[in-house]
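A short write-up of the structure that comes next.
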Amino acid sequence: MVSRVIPVSSFDFVLFGATGDLARRKILPALFHRFQIGQFGENCRIIGTSRSELTTEEFRSQTADAVREFGQDVETTPEEIAAFTALLDYAAVDVRGETGWDAIRGKLRDDAVRAFYLSVGPSLFTDIARRLSETGIATPDSRIVLEKPFGHDLASARALNGALRAHFEEQQIYRIDHYLGKETVQNLMALRFANSLFEPLWNSSHIDHVQITVAESIGVEGRGEYYDKSGAMRDMVQNHLMQLLCLTAMEPPAQFAPNSVRDEKVKVIEALRPVSQASIARGQYRSRNSDENGDGYRDHAGNAASRTESYIALKVEVANWRWAGTPFYLRTGKRLRERVSEIAVYFRDPPHNIFEGSGPVHGNVLVIRLQPDEGITLKTTIKDPGPGGMRLTGANLDMTFADELAESGRPQDAYERLIMDVIRGNQTLFMRGDEVEAAWAWTDPIIGGWKDAGDTPQPYDSGSSGPDDSLLLIHRDDRQWRGIGA
Ligand code: BG6
């Protein structure tokens, strides 16, 4: 099956922070791949901006380098890169000053979709939004796209939302959580709501518990200064894991439309119980070296007394009719054994075992793997094949998306999907302002709790599965974590 590519309408995509890391690694290569696949309609243009005084030729050449270095592993010809970079333009802008805005205005067309992508630090969000509005560069149909973090607590998120809404309507604001652009995350919705098999069982009568894991093998090298003010709770749980939890736990929306989906997600967040400190395990990876060449979290953060967590596990309860009695265990951390992101849904054991003495009968486990090796596995119990009577054994029903995708083309990077949705004006996979605020309202007291208690994260070894406390968190309930990379 070859996927259909429907070209988007003509656009002017203005990229603030065009020479920065995210732009080079993700945004520009994503745009290139959508161009390469034929998704750009007629007259699409990308206007890079940053403080640097670059010529358009220099920006084109830097972008060509970025595409070659960070683009996906697909055959790419020099002609394709040249055709793509011919769509690029550049203007140096002082986003806090007066210079450069006229140059941007002069490059924009009245009949093209205008998208302003703010790939810049959050401290610049409101200044840029205000300028875009006051200079008349942003029209009522323009879209503004922002990267996380959206504040660092409820008060700052509210202030940011308020400042943005002074200049843009909510339907113009695209808050990116790149997890929502991942193929398998969208597949979670397809699995739940395009199949009749799962939904009748998708509740606490049939599901014992759910484990959501986002484990990374890399540390915070190079990002220590930012990360130390944030920690795993703000950097990953408040946004990415929260989104995975919402999509797993939400009620079926009436339709796959922006507000239907987002309304249901907000209801999940609002149903979350406050989490007590006893239901949290925090950790910090320690150095592998005993000498002065430390490579532990505190070395990377440049803060020998840091109390910021690079790992966190929480037991979360969704207090509603569907989920009462079914805990969700969330965990995420850096420098763990392997890079694994997955949602594992543990169904209850069969109520009665008719196969006494034939081996254990366990509940089924549905594992939705986000990365690597995207796919879905259902753990089942079957008869051990062959003679020897009735003996039971475990077997997996396995579906690796790579097999499906091999036919329909390479998997697209999350940013490809999300950027095209911005142009199409589809906000379904973007976070609404109230959703972000609800997530902070739940997060703030958790962070406040360990601050008040003066809690210090427990050290764990690089390459391990996290701190011992995280094992206790789940063992206490007579359950076990799935192995990370096991
Ligand atoms: C980012 C976090 O949002 O997501 C990073 O700030 C993290 O700390 C990254 O490494 C993980 O994204 P992915 O797509 O590699 O799982």
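Counting starts at 1 for both ligands and their atoms, in listed order. For the numbers below, each heavy atom of this structure counts, side chains included, while hydrogens, waters and symmetry mates do not. Keep in mind the model is a prediction, meaning the values are calculated, not measured.
Geometrically, K148 does not engage F150 in a cation-pi contact, judged by NZ or CZ lying under 6.0 Å from the ring centre and within 45° of the ring axis.
Sorted by chain and number, the residues within 4.0 Å of ligand 1 by heavy atom are K148, H178, Y179, K182, E216, R223, D235, M236, H240, K334, R339, Q371.
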Evaluate the side chain to side chain contact (heavy atoms under 4.5 Å, CB included) criterion for residues Q62 and L54: first the C-alpha distance (whole Å), next the side-chain angles of each, then the deciding distance (0.1 Å), finally the verdict. CA-CA 10 Å; Q62 286 188 7; L54 294 180; 3.8 Å; yes
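The aromatic rings of F16 and F116 sit tilted relative to each other, their planes meeting at an angle between 30° and 60°.
In this view, Y285 and Y297, H300 satisfy the ring pair (Phe, Tyr, Trp, His ring centres under 6.0 Å) rule, not counting sequence neighbours. Here F168 pairs with nothing under the ring pair (Phe, Tyr, Trp, His ring centres under 6.0 Å) rule; sequence neighbours left out. Under the rule for a ring pair (Phe, Tyr, Trp, His ring centres under 6.0 Å), H152 has no partner lying at least two apart in sequence or in another chain.
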